[in-house]
2 protein chains.
Amino acid sequence: MSDTRSEAKGGRYHHGDLKAALVDAAIALIAERGVRDFSLAEVSRRLGVTVAAPYRHFADRDDLLAAVGIRAVDAFAAALAAQARDTDSPAQRLAALAGAYVRFAGEQRPLFDTLFVTGIDKSRYPEFRRAFHALEETFRACALEVCGQDARAADALMAVTEATAHGHATLLLDGSFDDEEDPVSTAADQAASATLALIKGRTALRRPS
Amino acid sequence: MSDTRSEAKGGRYHHGDLKAALVDAAIALIAERGVRDFSLAEVSRRLGVTVAAPYRHFADRDDLLAAVGIRAVDAFAAALAAQARDTDSPAQRLAALAGAYVRFAGEQRPLFDTLFVTGIDKSRYPEFRRAFHALEETFRACALEVCGQDARAADALMAVTEATAHGHATLLLDGSFDDEEDPVSTAADQAASATLALIKGRTALRRPS
DNA sequence: GTCTATACCCGGATAGAC
DNA sequence: GTCTATCCGGGTATAGAC
């Protein structure tokens with residue numbers, strides 16, 4: 001992609017965008033071996049670069065991981081925003097949001113894992129808290145419509161909707177839906193219908209003060 | 001605890017139950033440093049034993065981790081069974097089950113993480129699939145009562161209840177409830193009330209064929 | 001059943017040359 | 001901006017003595 005090499009031989013990234021290439025390669029590595037086995041050394045190797053090279057662009061290992069995380073948050077927000085269209089009823093839109101949440105986890109597993117499994121230091125990267133908050137706002141706005149502008153009820157609905165979507169997402173990634181023909185769609189549809197059920201039965205929800 | 005040393009000096013586990021001690025120490029280590037940083041070497045060090053000693057009792061690192069996992073499943077099953085009493089209505093019992101699920105995650109974090117974060121090889125340890133299935137049966141039996149013996153409806157309700165409980169559990173461990181005075185209870189109560197809402201609105205649930 | 005000793009591999013990180 | 005060279009630490013695992 002951004003593999004702009006100034007020299008054909010040697011595979012060196014002189015003048016090339018090594019920084020972006022490192023992020024791409026990191027995502028690919030995470031996709032193959034999981035977040036846990038991510039290593040700066042292996043990423044360097046795959047790019048045909050020395051282990052010392054990345055340190056010109058990232059302070060340390062966690063710094064590269066955080067860069068991946070930032071890309072992940074952006075992609076996640078975009079995936080959810082694409083569902084926040086004004087079609088259908090508010091209830092169906094909230095259900096679609098939950099489905100999109102699960103679908104993102106299934107289709108962009110390395111990004112989703114980077115967000116939730118890695119444990120990025122939020123005090124070191126404050127942009128993270130902000131970005132996560134933005135995700136929540138997408139759910140909140142929709143829940144507010146469902147609840148007819150009752151803020152307390154909307155908060156309660158939003159919280160359980162997110163948790164339900166998150167539960168389906170993590171179980172999906174844990175392999176709990178692997179017996180199905182299409183695990184991702186099954187999990188996403190189930191999360192969506194669960195959201196509709198939550199809305200129907202929402203008078204039972206606990207209202208946080 | 002099972003620290004039965006035959007010699008006062010040297011801290012050696014001759015005749016002692018090193019196997020059980022290793023499991024205990026492993027749990028303690030996971031509690032302190034998380035599943036990710038678990039290592040056979042560190043466990044050995046803490047017990048005052050050489051890194052070679054564990055290999056008399058466990059084939060390798062994963063084998064000890066699996067032993068922790070088996071203890072975890074048992075404890076989890078017991079925690080849930082304690083909620084499956086015949087008091088209250090079926091609906092309230094299912095809600096209590098969901099709450100207990102979340103509470104176990106919060107109170108026995110190292111065990112819960114060992115089950116879901118470690119990634120124990122289920123083909124190598126088949127007792128795991130069985131034990132997990134048993135957990136599901138607890139939910140299924142309760143859901144069946146709620147649904148008046150309608151098996152298809154019960155399956156759908158069971159699946160979303162588990163996913164909802166799981167979502168609250170993982171978000172709790174991710175720190176999403178850390179703003180609350182009592183994060184564990186907040187998450188558990190929220191999962192319980194969500195379950196009641198799911199039951200009330202369950203006509204919206206998708207019925208798997 | 002545990003220890004001593006060892007071999008091996010891998011990751012993180014830095015100094016200094018080019 | 002990248003490479004060479006190198007150091008450090010840590011984990012897994014085994015052989016053979018006791």
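All chains are named by letter (A, B, ...) in the order of the sequence lines, taking the proteins before the strands, and each is independently numbered beginning at 1.
Between the side chain of D174(B) and the backbone N or O of S176(B) there is no donor-acceptor pair closer than 3.5 Å. Without hydrogens or angle criteria, R140(B) side chain to E137(B) main chain gives no donor-acceptor distance under 3.5 Å.
Here dT6(D) presents its C1' atom at 14 Å from OH of Y55(A), a figure rounded to the nearest Å. Separating the CZ atom of R61(B) from the C1' atom of dG11(D) is a distance of 9 Å, rounded to the nearest angstrom. When the C1' atom of dT12(D) is taken as reference, atom CZ of F58(B) falls 16 Å away, rounded to whole Å. Straight-line distance from the CZ atom of F38(B) to the C1' atom of dT12(D): 12 Å, rounded to whole Å. Regarding D63(B), its CG atom lies at a distance of 13 Å from the P atom of dT12(D), rounded to whole Å. Rounded to an integer number of Å, the gap from CG of D37(B) to P of dG10(D) is 12 Å. Following rounding to the nearest Å, D60(A) (CG) and dT14(C) (P) show an atom-to-atom distance of 8 Å. Rounded to an integer number of Å, the gap from D62(A) CG to dG12(C) P is 9 Å.
Salt-bridge formation is not detected for the pair D178(B)/K122(A): no Lys NZ or Arg NE/NH1/NH2 atom is positioned less than 4.0 Å from an Asp or Glu carboxylate oxygen.
Nucleic acid contact for S39(A): sugar-phosphate only, since backbone atoms but no base atoms lie under 4.0 Å from a heavy atom of the residue.
For A67(B) against V23(B), the heavy-atom pair with the smallest separation is CB-CG2, 4.1 Å.
The nearest heavy atom of DNA chain C to R45(A) and to A52(A) marks one nucleotide each, and the one closer to the 5' end goes with R45(A). In this structure, R56(B) and E42(A) both approach DNA chain C, and ranking their closest nucleotides by distance from the 5' end singles out R56(B).
For V51(B), the listed nucleotide lying nearest its side chain is dA5(C); candidates were dG12(C), dT4(D), dA5(C). Among the nucleotides dG12(C), dT4(D), dC3(C), the one closest to any side-chain atom of A41(A) is dG12(C).
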